[in-house]
Number of protein chains: 2
Amino acid sequence: MTLVQDERPPYVQVADTLRAEIASGEHQPGAKLPSVKKLAERFGIADMTVQSGLRVLREEGLIVSSAGRGTFVRSDVDLSAIGAGAAPAEDDVRVQLAHLTSQVGQLAARIEELERRVIAPSVPD
Amino acid sequence: MTLVQDERPPYVQVADTLRAEIASGEHQPGAKLPSVKKLAERFGIADMTVQSGLRVLREEGLIVSSAGRGTFVRSDVDLSAIGAGAAPAEDDVRVQLAHLTSQVGQLAARIEELERRVIAPSVPD
DNA sequence: GTCCATTTGTCCGTATGTATA
DNA sequence: GTATACATACGGACAAATGGA
């Protein structure tokens, strides 16, 4: 699979593709994602670009990475928050913390985008 | 200024250094930071490594960047809330909770600032 | 316990694109 | 139109952590 549409930056397309695959269940919670090198081959891009894409998902709280082990879909990922099926409601405090962390990260990203357009002067409409 | 050898990753040191300079008032709120190239020269590292350091501060809400204009210290940044940059141990639930509480407070302040500018456009900075 | 392959994470140098001034 | 500045991308490289032989 190659990234053909050059409308958006490749690393964003990587993030979107993997996010969709996680949402669709292709990569289940707790599962290990293909290695960075494998993903780079699959998409036909450089390793570092894959890392940038994974960074997006990491900030969204969808995945966690560990050197020497790999990158995994968070076992408690809230699939409903990314447009797919429902997630089981769990009562564990750590699960709720993880959800909050994910949501805070997404809010931060949205605020950052707004700041670029509002705080930065002379932004054309 | 050169980064000390064999400490933490260079990009972390860049973030720590600039964060300290912002906290100390060396870079005042609203001020423009040196360009990425200047910072790269100053630290003796590559442009992209500087970008990685700036990314950290951007995620912390300390700075805002705009292509073609530069990188600026947020005009409404709370200098007293700037930490030493040490990441809290993420094992402890209480530590995570405190971190989240702090982050939510900062996000709320940023949203309020945005609301002032968007909803009440007559209010000067 | 010691090697060794895998994997993530980072860095560099260079290049290109895009937005701003 | 030109210069500046950030953002992204590539290929190559190396360190650290992990896990298996």
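In what follows, chains carry the letters A, B, and so on, assigned in the order in which the sequence lines appear, proteins first and then strands, with residues in each chain numbered from 1.
The side chain of B/Thr71 contributes an N or O atom lying less than 4.0 Å from OP1 or OP2 of D/dC6.
Between A/Pro10 and A/Thr49 the shortest heavy-atom distance is CB-CG2, 4.0 Å. Considering all non-hydrogen atoms of both residues, B/Lys32 and B/Arg69 come closest at CE-O, 3.1 Å.
Minimum atom distance to the side chain of A/Gln51 is reached by C/dT8, of the listed C/dC12, D/dA7, C/dT8. The side chain of A/Ser65 sits closest to C/dT8 out of D/dC10, C/dT8, D/dA7. Taking only side-chain atoms of B/Met48, from C-beta outward, the nucleotide of C/dC11, D/dC10, D/dC6 with the closest atom is D/dC10. In this structure, of C/dT8, D/dC6, D/dT8, it is D/dT8 that holds the atom nearest to the side chain of A/Pro9.
Ion pairing between a basic and an acidic side chain is recognised when a charged N comes within 4.0 Å of a carboxylate O; A/Lys37 and A/Glu41 show no such pairing. For the pair A/Glu59 and B/Arg58, the salt-bridge criterion is not met [side-chain N within less than 4.0 Å of a carboxylate O].
Across the protein-nucleic acid pair, A/Lys38 atom NZ and C/dA5 atom P stand 16 Å apart, rounded to whole Å. The CG-P distance, from B/Asp47 to C/dT14, rounds to 10 Å in whole Å. B/Phe72 places its CZ atom 12 Å from the C1' atom of D/dT4, with the value rounded to the nearest Å. Rounded to whole angstrom, the span from the OH atom of A/Tyr11 across to the P atom of C/dG17 amounts to 17 Å. Atom CZ of B/Phe43 and atom C1' of C/dC11 are 16 Å apart (whole Å). In this structure, A/Gln13 atom CD and D/dA9 atom P are separated by 9 Å, rounded to whole Å. Rounded to an integer number of Å, the gap from CD of A/Glu41 to C1' of D/dC10 is 16 Å. Distance B/Ile45 CD1 to C/dT10 C1': 12 Å, rounded to the nearest Å.
Here NE2 of B/His27 is found 10.5 Å from CD1 of B/Ile63. Values are rounded to the nearest 0.5 Å.
The residue A/Arg58 sits close only to the backbone: its heavy atoms come under 4.0 Å of sugar-phosphate atoms, none of a base.
When both pairing distances are held under 3.5 Å, C/dC11 makes a Watson-Crick or G-U pair with D/dG12.
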Quiz item: Which letters describe nucleotides 15-21 of chain D, given B = protein heavy atom under 4.0 Å from base, S = only from sugar-phosphate, - = neither?
Solution: --BBS--

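Every residue two or more places apart in sequence or in another chain that forms a side chain to side chain donor-acceptor pair (under 3.5 Å) with B/Thr71 is listed here: B/Ser65.
Each of A/Arg74, A/Arg19, A/Arg55 was checked for a side chain to side chain contact (heavy atoms under 4.5 Å, CB included) with A/Glu60, and the lone residue meeting it is A/Arg19.
DNA chain D is contacted by both B/Val36 and A/Lys37; B/Val36 maps to the nucleotide lying nearer its 5′ end (nearest heavy atom per residue).
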